Protein chains: 2
Amino acid sequence: MKSPQEVFADFLADRNLKTTPQRRLILDTLLKQNDHLSPEELYAKVKKRDKSIGQATVYRTLKLLNESGLIEPLDFADGVTRYEPSYGEEHHDHLICERCGKNIEILDTVIERRQEELAAEHGFTLLRHKMYLYGMCGECRKKKQ
Amino acid sequence: MKSPQEVFADFLADRNLKTTPQRRLILDTLLKQNDHLSPEELYAKVKKRDKSIGQATVYRTLKLLNESGLIEPLDFADGVTRYEPSYGEEHHDHLICERCGKNIEILDTVIERRQEELAAEHGFTLLRHKMYLYGMCGECRKKKQ
DNA sequence: GGGGAAGATGAAAATGATATTCAAACAAAA
DNA sequence: TTTTGTTTGAATATCATTTTCATCTTCCCC
Ligand SMILES: [Mn+2]
Ligand SMILES: [Mn+2]
Ligand SMILES: [Zn+2]
Ligand SMILES: [Zn+2]
């Protein structure tokens, strides 16, 4: 299996785009995290390693990384798009506490299978799906009263 | 069962907010549709009936209608939030053709149950969820080759 | 059926995330 | 190397949504 760096380099070459230190740095920073980073947060981290990098480059690179299949955009309903590395990772969905932001990765084969079946019942070929469960975690429920 | 109008009036009274012609008109316009309207689209429709209404009032009223449980925000990932009347309607999710935009409302009790169970297994109280299935419909698949 | 206080309104300005523009710097193919 | 197309950072623009503010309206008490 190719490394993410290789995948990205190949993707860029395919499109006649260039490999640059900024693009490498951004991918690298993203891979070091296994958090769900917003562009703003990623920009802060990247800036620590290269003081001169610009916000626009972070947004532009995230777009490319997404198109190359290396990362996945997430919507935790907090006003920003977050991203997670997805290359070589098993698909999963998310369970989110709307109070404290706690975020649990979930995967349920029953649900995944039914999604396929549902699509098929309507004559669709399922390409992808989004599923987010929003609720309140145990700790927050206790704190509440 | 109370009418949506009554529900809204009660909701407003409860919060010491006022019933106004603008708020009534917006709810009314929304109920006449069973489409998934964006604030912009709704504003255009409402404006035909009351030339003097402002955008801000539409946004403000959508927020209130959502809080009152009468409508539901949707995220079709096209850059705008859309809304659909949900009072007295059964909950459902959406199956979307990424090629032609066709949008089918789906509901699966197996999935809904597993969502609850999954949340509970992690100590969460499930408040809401988003599930969108993206694929290609039968017609688009045929047209493709 | 009038005050009058609390709320609501529309227009305009502000916000905040993301995208674009532009001139200068750079990558990489030849 | 040279050359050409691409990328960069800073600044500015965009676009959906929210806020501000001065004016108007609702509705509760007399
Ligand atoms: Mn995740
Ligand atoms: Mn559902
Ligand atoms: Zn929590
Ligand atoms: Zn289709």
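Below, chain A is the first sequence line, B the second, and so on; all start at residue 1. All values derive from a computational prediction rather than experimental measurement. For the numbers below, each heavy atom of this structure counts, side chains included, while hydrogens, waters and symmetry mates do not.
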(request) Find which nucleotide of DNA chain C each of Asn16(B) and Thr57(B) is nearest to by heavy atoms, and output the residue with the more 5' nucleotide. (result) Asn16(B)

(request) Take atom CZ of Arg23(A) and atom C1' of dA27(C), then tell me their distance rounded to the nearest Å. (result) 11 Å

(message) Tell me if the side-chain of Arg60(B) makes a donor-acceptor pair with the base of dG10(C), cut-off 3.5 Å, by modelled atom types.
(response) yes

(message) Nearest whole Å is fine: how far is dA8(C) C1' from Phe11(B) CZ?
(response) 15 Å

(request) Nearest whole angstrom, please: distance from the P of dT18(C) to the CG of Asp78(B). (result) 16 Å

(request) Take atom CG of Leu62(B) and atom C1' of dA8(C), then tell me their distance rounded to the nearest Å. (result) 16 Å

(request) Calculate the interatomic distance between Arg82(A) atom CZ and dA17(C) atom C1'; express it in whole Å. (result) 13 Å

(message) I want to confirm an ordering. Mapping Thr20(A) and Gly79(B) to their closest nucleotides on DNA chain D, which one lands closer to the 5' end?
(response) Thr20(A)

(request) With the side chain of Tyr59(A) defined as its heavy atoms from C-beta on, choose the nearest nucleotide among dA10(D), dA12(C), dT18(C). (result) dT18(C)

(request) Provide, to the nearest angstrom, the distance between the CG atom belonging to Leu12(A) and the C1' atom belonging to dT8(D). (result) 15 Å

(message) Strictly by salt bridge (Lys or Arg N to Asp or Glu O under 4.0 Å), give each pair with a member in residues 46-59 of chain A just once, sequence neighbours left out.
(response) Asp28(A)-Arg49(A)

(message) In this structure, is the centre-to-centre distance between the rings of Phe76(A) and His94(A) below 6.0 Å?
(response) yes

(request) Look at atom CD of Glu90(A) and say whether more than 12 heavy atoms of other residues, nucleotides or ligands are closer to it than 6.0 Å. (result) no

(request) Let me know the distance between CG of Leu25(B) and C1' of dG10(C), rounded to the nearest Å. (result) 15 Å

(message) Between Glu112(A) and His91(A), do the side chains contain a donor N or O and an acceptor N or O under 3.5 Å apart?
(response) yes

(request) Please state how far atom CG in Leu17(A) lies from atom C1' in dC26(C), giving the value in whole angstrom units. (result) 14 Å

(message) Is there, by distance only and without an angle test, a donor paired with an acceptor across the side chain of Lys18(A) and the base of dT6(D) below 3.5 Å?
(response) no

(message) What contact category does Thr81(B) fall into here, base, sugar-phosphate, or nothing, at under 4.0 angstrom with non-hydrogen atoms?
(response) sugar-phosphate

(request) Mind jotting down which residue pairs meet the salt bridge (Lys or Arg N to Asp or Glu O under 4.0 Å) criterion with at least one end in residues 35-46 of chain B? Sequence neighbours excluded, please. (result) Glu41(B)-Arg82(B)

(request) Scan Gln22(B) against the nucleic acid and name what it touches under 4.0 Å (heavy atoms): base, sugar-phosphate only, or nothing. (result) sugar-phosphate

